[in-house]
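Heads up: the structure comes next, in structure tokens.
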Amino acid sequence: MDVGGTSIKAAVVGEDGVFLSKRLEMPTPHPATPRAVGRVLRAVVGDFGANERVGIALPAPIVNSTVLSPPNIDAEWIGMDGESFLEGMLGCPVSLINDADAAGLAEAQMGAARGIDGLVLLLTLGTGIGSALLHDGHLIPNTELGMTPFRGGDNMEHYAAPSVMTRDGIAEREWAERFNEVIALLELLLHPDLIIVSGSITARWSDLAHFVQGQVPVVPAQFRGDAGIIGASIAARPGGQTSLVHSKGSSAP
Ligand code: BGC
């Protein structure tokens with residue numbers, strides 16, 4: 001399950017990333033308090049008849065199961081043990097992961113970052129801007145690059161998330177120019193070998209791709225807007241957490 005600022009997406013996912021169920025998508029409740037989101041997730045679990053471990057991607061950094069600073073969902077999440085809380089509500093074991101990190105895991109294991117050495121930067125673009133950094137296929141979790149201060153007091157997410165097209169009434173071309181500024185700064189700071197874009201923006205990537213330009217290739221995620229769902233399922237599999245060593249505090253892989 002992938003909880004976004006705008007919608008919650010879910011599916012039963014096979015080991016190869018193929019969906020074994022219908023794909024569900026429903027609006028994120030507002031306010032998106034832990035209890036309100038938990039109720040939607042509980043209904044999904046009931047719908048799928050799931051009683052084994054479920055993976056849930058949240059738009060917030062997750063360190064040792066604790067949810068930190070979520071600007072796009074409700075502040076009640078901050079500081080809570082998200083896994084214990086959702087396990088209590090859902091009645092099954094839960095693995096929580098940041099949504100961009102989930103997309104990064106999916107793309108590293110089965111998608112556009114598979115077999116790519118060096119540094120891959122994945123940006124998930126929707127209500128916000130999330131980031132995942134992969135080095136030689138290993139995830140460095142909870143990077144939150146969308147929070148980078150940008151243009152005198154703003155941050156990258158407020159300036160260039162796709163949601164600003166509606167908020168500021170700007171066209172795709174103007175949005176892409178903003179996004180190109182974001183790419184230029186991240187390239188200057190990180191020197192990635194490849195940039196992957198996932199999230200809801202990928203549904204209109206064919207219209208946008210020619211406006212977007214980096215020094216390195218900027219490609220859509222193989223799993224497009226489903227990378228978060230697939231990555232959440234990877235995090236829930238036995239051994240799936242080994243890619244999350246830093247957030248789980250265990251030893252290196
Ligand atoms: C959150 C990130 C998340 C991103 C995309 C941001 O507001 O801080 O954790 O990855 O939105 O959903």
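Keep in mind that this is a model prediction, so the values were computed, not measured. One-based numbering, in listed order, for ligands and for the atoms of each.
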note = In N180, L186, L185, the residue satisfying side chain to side chain contact (heavy atoms under 4.5 Å, CB included) with V182 is L186
task = Kindly indicate whether the side chain of V54, heavy atoms from C-beta on, has any atom under 4.5 Å from the side chain of F48.
result = no
inquiry  = Could you check whether T28 and T6, counting side-chain N and O atoms only, form a donor-acceptor pair closer than 3.5 Å?
reply    = no
request  = Determine yes or no for a side-chain-to-main-chain donor-acceptor pair under 3.5 angstrom, with T202 supplying the side chain and G225 the backbone.
outcome  = yes
N/O pairs closer than 3.5 Å, ligand 1 and protein:
residue  : atom   : partner : partner atom : Å
ligand 1 : 7 (O)  : N72     : ND2          : 2.9
ligand 1 : 7 (O)  : E157    : OE1          : 2.8
ligand 1 : 7 (O)  : E157    : OE2          : 3.1
ligand 1 : 8 (O)  : E144    : OE1          : 2.7
ligand 1 : 9 (O)  : A60     : N            : 3.2
ligand 1 : 9 (O)  : N98     : ND2          : 2.9
ligand 1 : 9 (O)  : E144    : OE2          : 2.4
ligand 1 : 10 (O) : N98     : ND2          : 3.4
ligand 1 : 10 (O) : D99     : OD1          : 2.5
ligand 1 : 11 (O) : E157    : OE1          : 3.4
ligand 1 : 12 (O) : D99     : OD2          : 2.6

ask   = Passes side-chain hydrogen bond (donor to acceptor under 3.5 Å, both in side chains), T33 versus D74? Steps please.
value = CA-CA 5 Å; T33 59; D74 196 81; 5.8 Å; no
inquiry  = Could you work out, with side chain to side chain donor-acceptor pair (under 3.5 Å) as the rule, every residue matching S69, not counting sequence neighbours?
reply    = none
